[in-house]
Protein chains: 2
Amino acid sequence: MSAPSQVHNIAPPGKQQEKSAAMRRRICEGAVSCLSARGYHRASIKQVVDAAGVSLGALQHHFPTKDDLVEATAEFLLSRSVRWFQRAKLNINKDKDAFGAMIRRSWREQFTTEEYGALLEILVAARTNETLRKRISPTLKNWRRDIEIELRDLLPANDENADELEAILTIGRCMMTGLLVHDGLLGDELRMRNVVDAWVGLATGSSR
Amino acid sequence: MSAPSQVHNIAPPGKQQEKSAAMRRRICEGAVSCLSARGYHRASIKQVVDAAGVSLGALQHHFPTKDDLVEATAEFLLSRSVRWFQRAKLNINKDKDAFGAMIRRSWREQFTTEEYGALLEILVAARTNETLRKRISPTLKNWRRDIEIELRDLLPANDENADELEAILTIGRCMMTGLLVHDGLLGDELRMRNVVDAWVGLATGSSR
DNA sequence: TATAAAACAATATGATCATATTGTTTTGTC
DNA sequence: GACAAAACAATATGATCATATTGTTTTATA
């Protein structure tokens, strides 16, 4: 039962671990640009290798299967997204229309990006890939929870129903995702911005 | 300038054309089930051939390339969707909450179906496939226009702004699409229904 | 500094992909 | 019923895919 050497396992952040983490980040970034530019079904391991500028062996060492890579990329993207919301919240003027300002800013800086394009590819691919779906579901739930924690108090206090507040946040998130799928395809960016504005109006009840 | 034989081109709907149309429909239906079950990147021509129970040669005769097949499948799905809305509108009680009833029904019978799953795959694939995107964009625009025509007069007459009405319809459509991507993945159907209900509440202003 | 494991690299493999090719049957028109 | 075109069918081809295999270098610990 005694394990005296385990104390060494706690914090030896040697060169190897740093390099390893940097390599994993680099590969995930390559996967992101591949996924967003070419889509899931054309983002091959070979393409990721070329985009990241690493060898196939290196990628395989860190991510033995494609599902491993995609899962890691999803976690990479979702944790970055949470950090974005945490940082963005600090810069928001909480007095007037904090919620609207945050939604509009997240549309610009979160949804209409390469990163979210890659995430969309992963999410849609996971719909028809049970293995992948099971692997990213917990991460996805945590992401949703963490973001809702950040956004919750930006809406005017609603004593009616906590569920309604959560529904509003879900509608916004899903609406912007669908906007990318439907109208992003047609490329009418002005129209999309107007729709986002209209949603902010409805959600904050500015139209009475 | 005289073209006496052209009169024959107007309506010779012989056996061949009927068979051809039936075959195309059959292949598209096979493509739909493949796309929704396996996703775009795993829905190969071979899989479609097996699902539709036709030969590879037959498929190739009607759809020489995969893009041809996918484009035809998109048109097949979108025209069926428009017909659904036209039919559904006839059965709606126009007096009380016609809009909400229609949205809820379309969620059940349009969005949470194999057909919409297939369409979602095509739409997302088109985001990263310029050729496909250009081919289905016109059809997609017509679909949106036709559906908005059907839904427009179900909302309480809004004299404020015609754009706002269009925005509400867009938000609903995009929200339900995003709901499938985000929450459909997690499989919480009750939650999704609640979100749709919450949206109906917001859109029709029942929460004041 | 010896040694084992981690990290990276290059090439090989078998499966699957979209599509080309070639052949056969069915249909419409004269 | 001859004949051309449309419709369908079977097999072939080259590319690309994910991953297996094998070899080399770097790092950490003893």
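Just so it is clear: chains get the letters A, B, ... in the order the sequence lines come, proteins before strands, and each one is counted from 1.
- Of the candidates C:dC8, D:dA9, D:dC17, D:dA9 carries the atom nearest the B:Ala58 side chain, counting heavy atoms from C-beta on.
- Checking the phosphate oxygens (OP1, OP2) of C:dT16, no side-chain nitrogen or oxygen of B:Ser44 falls inside 4.0 Å.
- The heavy-atom pair separating A:Ile147 from A:Ser81 by the smallest distance is CD1-OG, 3.9 Å.
- Rounded to an integer number of Å, the gap from B:His41 NE2 to D:dT16 P is 19 Å.
- With rounding to whole Å, A:Met23 atom CE is found 16 Å from D:dT25 atom P.
- Out of C:dA10, C:dA18, D:dA9, the shortest distance to the side chain of A:Ser55 is found at C:dA10.
- Taking the six-membered ring where tryptophan is involved, the planes of A:His182 and B:Trp143 are essentially parallel, since the angle between them stays under 30° and well short of 60°.
- One interatomic measurement links the two molecules: CD1 of A:Ile45 to C1' of C:dT11, which rounds to 17 Å at whole-angstrom precision.
- Side-chain atoms of B:Asp67 and B:Asn129, non-hydrogen and from C-beta on, do get closer than 4.5 Å to each other.
- Below the 3.5 angstrom threshold, one finds a donor paired with an acceptor across the side chain of B:Gln60 and the base of C:dA20.
- Considering only the side chain of A:His62, C:dC8 comes nearest among C:dC8, D:dA9, C:dA18.
- Following rounding to the nearest Å, B:Lys66 (NZ) and C:dA20 (P) show an atom-to-atom distance of 15 Å.
- Distance CZ (A:Arg26) to P (C:dA7): 16 Å, rounded to an integer number of Å.
- Atom CZ of B:Phe63 and atom P of C:dA20 are 16 Å apart (whole Å).
- Residue A:Leu56 contributes atom CG, which lies 17 Å from atom P of D:dG23 at whole-angstrom precision.
- Put simply, the side chain of A:Met176 does not reach to within 4.5 Å of the side chain of A:Val195, judged on heavy atoms.
- Distance from the side chain of A:His61 is smallest to C:dA6 among D:dA6, C:dA6, D:dT19.
- A:Leu59 places its CG atom 12 Å from the C1' atom of C:dA9, with the value rounded to the nearest Å.
- A 6.0 Å sphere centred on CD of B:Glu109 holds more than 12 heavy atoms belonging to other residues, nucleotides or ligands.
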